[in-house]
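Step one of this worksheet: look at the structure below.
Remember, it's 1-based here, ligands and their atoms both numbered in the order they're listed.
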Amino acid sequence: MNTIELNGVSKTYIGSRDPAVNDINLTVEKGSIITLLGPSGCGKSTTLRLIAGFERPETGRIALEEKIVSDNKTWVPPEKRGVGMVFQDYALFPHLNVFDNIGFGYKGKDRKNRVMEVLDLVGLKGYEKRYPHELSGGQQQRVALARALAPKPVVVLLDEPFSNLDADMRTNMRIEVKRIIKEAGATAVLVSHDQKDALAISDRIVVMNEGIVQQCGTPKEIYQYPENKFVANFVGQSNILEGKMGKDEQSVITDIGVIPCNHTHGFKEGEEVYISIRPDSLEMDNTGKIAGIIKETIFTGESIDAIVEVELNDGSKKDLLTHIHPEEEVKEGDKVRFKVLPHFVAVIRHD
Ligand SMILES: Nc1ncnc2c1ncn2[C@@H]1O[C@H](COP(=O)(O)OP(=O)(O)OP(=O)(O)O)[C@@H](O)[C@H]1O
C-alpha cells in the first residue's frame, strides 16, 4: 500500500513567477523512508508542507493512506491528516520537560505508557524530567522524533533533521533516526540538501531541481545510474563526457576512447549521448588506455582525490576527477594511466 500519493501537484506562491513545485508525481510505500534531495530553493520544503497541509496546491491531488486530503474539491486541514512533524530546530517547548514535550499532542488514555514506550524507543529512558536546555543536540532531536511518533502518525515528516548537528553526531544520528523510524514501523519523508544524509538513510531518494523531480530511485540506483547531468553532479561527483553509443550498445565512443558500460538506458548505436564516469570508476593502471598528468591531489584519508589532465583526440585537454588508493605514491606532475571500470558508468540523454 502507498502511504502517500501526489499526482500532478503544483504550487506557485503569490508574487512568484515560477512554480515552487511543478507537476509533482510521487508515491511513498508504507513503512519506507524517502528523502527529498536537492539544492536550496528546489521546492523540497514546499513539497513537505503540501503533504502536511501547511500549503494548498493549485492543481493536483494528494492522498494519505488512500484517502484524498487535497484536490480541487477536498481539503483536509493539517491537524486532521495524522501527520507528525520534526522541524529543523526541533521546536521543543522550553518550559516543558522531556516527558511533557513527548506527551504534548497525545490525548490517548494510555498516555503515560505510550510516552514511556517512545522514550525507550529513542534511547532516552531516565531523561523524562530533564528540560530541553539540559540536552545535547542529538538528544533534543530524539525528543522531537519521539513527540512526532507518539500519536502513531500516518507519516512523519522531517525537515533537514541533521542540519543542526556536528559531523560526528550527524553520522550517528543518521543511523539512529533510521533505526527509530524502522522500529516504530513508521513511514517517513525527509528533506535534505546533503547527499550523504540521503544515501545513508533512505529507501528511496527523490532528487529535485527547480520544482521538478529529476529522478526517483534507491540510493544505489541514483548513485550508479544517474539519468541526467544534474543528478550525476548533485549526488556524488562525476566526469561527464560527450559521446556516441557504440556497437551493440555495450560502450560509448568518446574523445578519450571507447568506454565500456553495462547500463545503457536503452540508447541505440550511433545516438549522441553523455557518459557519466564516477571518480571511483577510473582506476590507475599502467596498462590503461587513458593517459594523463596529475594536476592536483587532495589526501582525504579514504583516498587521494586527484585531478588528472588528459588529452582528447582533437588535441584539447580535459580534467578528470579520480580517486586513487591512499597508499599510492603520487604527486603533481606525474604521468599516469587509467582504465575505466564499468560499474559506475552511466549513459545519459544528450540535451
Ligand atoms: N512563503 C513563500 N512565499 C513566496 N515564495 C516562497 C515561499 N516559500 C518558498 N518560496 C520560494 O519557493 C521556492 C522553493 O522554496 P522551498 O523552500 O520549497 O525550497 P527548498 O528546496 O526547501 O529550499 P531550502 O533548502 O533553502 O529550504 C523558492 O524559490 C522560494 O524562494
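- Annotation: cation-pi geometry not satisfied between Arg61 and Trp75 (NZ/CZ under 6.0 angstrom from ring centroid, within 45° of ring axis).
- Heavy-atom proximity to Ser40, at under 4.0 Å, picks out these atoms of ligand 1: 23 (O), 24 (P), 25 (O), 26 (O).
- Nearest protein heavy-atom contact of atom 25 (O) of ligand 1 is Lys44 NZ, 2.7 Å.
- There is no protein heavy atom less than 4.0 angstrom from atom 31 (O) of ligand 1.
- Nearest to atom 19 (O) of ligand 1 by heavy-atom distance, out of Pro39, Gly43, Ser192, is Gly43.
- Nearest non-hydrogen protein atom to atom 2 (C) of ligand 1 is Tyr13 CD2, 3.5 Å.
- For a threshold of 3.5 Å applied to N or O pairs, the pair formed by Ala20 and ligand 1 contains no separation below that value.
- The distance criterion of under 3.5 Å between nitrogen or oxygen atoms is not met by Ile14 with respect to ligand 1.
- Ranking the protein heavy atoms by distance from atom 16 (P) of ligand 1 puts Thr46 OG1, 3.5 Å first.
- Residues Glu160 and His193 bring a donor and an acceptor atom of their side chains to less than 3.5 Å of each other.
- Counting protein heavy atoms only, atom 29 (O) of ligand 1 is closest to Gly41 O, 4.1 Å.
- For atom 22 (O) of ligand 1, the nearest non-hydrogen atom of the protein is Ser45 OG, 2.6 Å.
- Atom numbering of ligand 1 starts at 1 in the shown order; those under 4.0 Å from a heavy atom of Cys42 are 19 (O), 20 (P), 21 (O).
- Ser303 and Asp305 share a side-chain donor-acceptor pair at under 3.5 Å.
- In this structure, Arg349 forms no cation-pi arrangement with Tyr274, as its terminal cationic atom is not both closer than 6.0 Å to the ring centre and no more than 45° off the ring axis.
- Residues Ser10 and Glu58 bring no donor and acceptor atom of their side chains to less than 3.5 Å of each other.
- Ring geometry, Phe87 versus Phe54: the interplanar angle falls under 30°, so the pair is classed parallel (tilted spans 30 to 60°).
- Every side chain to side chain donor-acceptor pair (under 3.5 Å) that Ser202 has, sequence neighbours left out, goes to Thr35.
- For residues 169-181, the pairs satisfying salt bridge (charged side-chain N to carboxylate O under 4.0 Å, His left out) are Arg142-Glu176, Arg170-Asp194, Arg170-Asp197, Arg174-Asp197, Glu176-Arg179, Arg179-Glu183, with sequence neighbours left out.
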